[in-house]
Amino acid sequence: MIIETNRLRIVPLTKEQFQLLLVGTDKMEQALGLAPSYESMDENTRMAMEYNYKEVLKYPDHYIWYTNWQIILKSENKAIGSACFKHKPDEYGQVEIGYGTDSGYRNQGYMTETVMALSKWALQQPDVNSVVAETYKDNAASISVLEKCGMTGYKTTDTSIWWKLSKIPIYKIGQETEKDYNATGSIDCQ
């Protein structure tokens with residue numbers, strides 16, 4: 001399965017491709033037939049990906065919710081970032097998304113396009129009711145991505161904001177207006 005947008009191919013890595021990513025980004029890119037990005041994972045990303053890879057092995061029937069999704073710019077046939085869901089749908093039908101863009105491709109709308117496409121796909125799955133994301137309060141770029149995707153901030157901590165996009169919209173009481181609803185009464189992340 002591959003998710004395509006106008007500019008992007010968003011590819012969930014197989015177990016074997018994910019293992020190659022952990023060996024080296026270049027090995028995964030070669031396996032996918034991609035132009036080299038000359039990127040490598042920072043330590044925090046590596047730790048998160050190692051954890052997710054262990055979950056792929058632990059839950060092979062749910063690997064799609066743990067694998068890394070490579071964001072490939074069609075015009076260059078190059079990986080320009082990645083995204084992942086951090087767990088399979090929980091008892092409330094909630095999944096969390098995480099993402100990152102290579103520095104040379106930021107501020108061009110690629111991550112907004114990716115998060116919209118992955119959120120739309122996730123919300124079409126029968127066990128999913130909402131997609132959430134956490135971002136630091138000072139990460140203006142990530143906040144902008146989530147707002148453009150129609151996510152609503154629903155919880156804050158000292159350092160972060162939690163965002164949610166639901167099949168059933170979430171509103172602050174008294175804040176909704178007629179324009180907040182589409183024809184079906186829900187938000188369309190398109």
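Residues take their numbers from the sequence shown, with the count starting at 1.
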About how many Å separate [atom2] of [Y] and [atom1] of [X], when rounded to the nearest 0.5 Å?
X	Y	atom1	atom2	answer
Gln30	Leu20	CD	CG	9.0 Å
Asn139	Ser144	CG	OG	10.0 Å
Arg7	Gln108	CZ	CD	7.5 Å
Leu146	Ile161	CG	CD1	9.0 Å
Glu113	Leu73	CD	CG	9.0 Å
Met151	Thr135	CE	OG1	11.0 Å

Heavy atoms from other residues, nucleotides or ligands near CG of Asn107 exceed 12 (cutoff 6.0 Å): no
Neighbour count >12 (heavy atoms, 6.0 Å) for atom NZ, Lys137: yes
Provide the closest heavy-atom pair for [X] versus [Y] in the form atom of the first, atom of the second, distance.
X	Y	answer
Ala79	Asp102	O-OD2, 3.4 Å
Leu32	Gln70	CD1-CG, 4.4 Å
Val128	Ala122	CB-O, 3.2 Å
Pro12	Thr67	CB-CG2, 3.9 Å
Gly100	Ile71	O-CD1, 4.5 Å

So, do [X] and [Y] sit near enough that their side-chain heavy atoms are less than 4.5 Å apart?
X	Y	value
Ser37	Thr25	yes
Val95	Val132	no
Met116	Trp121	no
Cys149	Thr112	yes
Val56	Phe18	yes

Side chain to side chain contact (heavy atoms under 4.5 Å, CB included) assessment of Asn77 paired with Arg9: CA-CA 9 Å; Asn77 192 39; Arg9 277 192 329 270; 3.0 Å; yes
Side-chain H-bond candidate by donor/acceptor type, Glu29 with Tyr38, under 3.5 Å: no
Criterion side-chain contact (heavy atoms from CB on, under 4.5 Å) against Trp69, the qualifying member of Leu13, Ile64, Val11: Ile64
Side chain to side chain contact (heavy atoms under 4.5 Å, CB included) assessment of Lys167 paired with Asn129: CA-CA 6 Å; Lys167 286 181 181 176; Asn129 293 319; 4.3 Å; yes
Enumerate, atom names and distances included, each donor-acceptor pair closer than 3.5 Å involving a side-chain atom of residues 84-94, sequence neighbours excluded.
| residue | atom | partner | partner atom | Å |
| --- | --- | --- | --- | --- |
| Lys86 | NZ | Glu96 | OE2 | 3.3 |
| Asp90 | OD1 | Tyr92 | N | 2.8 |
| Asp90 | OD1 | Gly93 | N | 3.1 |
| Asp90 | OD1 | Gln94 | N | 2.9 |
| Gln94 | OE1 | Lys164 | NZ | 3.4 |

Under the side-chain hydrogen bond (donor to acceptor under 3.5 Å, both in side chains) test, residues paired with [X] that sit two or more places apart:
X	answer
Glu4	Lys74
Arg46	none
Ser160	Glu134, Thr157

Pairs satisfying side chain to side chain donor-acceptor pair (under 3.5 Å), at least one member in residues 49-66, at least two apart: none
Step-by-step side chain to side chain contact (heavy atoms under 4.5 Å, CB included) determination, Ile72 to Ile10: CA-CA 6 Å; Ile72 300 165; Ile10 307 164; over 6 Å; no
Pair Trp163-Lys155, side chain to side chain contact (heavy atoms under 4.5 Å, CB included): steps then yes or no: CA-CA 7 Å; Trp163 301 82; Lys155 179 171 75 172; over 6 Å; no
Within one Ile-Leu-Val-Met-Phe-Trp-Tyr cluster: Met41 and Met47, side-chain cutoff 4.5 Å: no
Same apolar cluster (I L V M F W Y, side chains within < 4.5 Å links), Val23/Leu34: no
Contact list for residues 127-147, test ring pair (Phe, Tyr, Trp, His ring centres under 6.0 Å), sequence neighbours left out: none
Polar side-chain atom of Asp42 near backbone of Asn44 as donor-acceptor pair, under 3.5 Å: yes
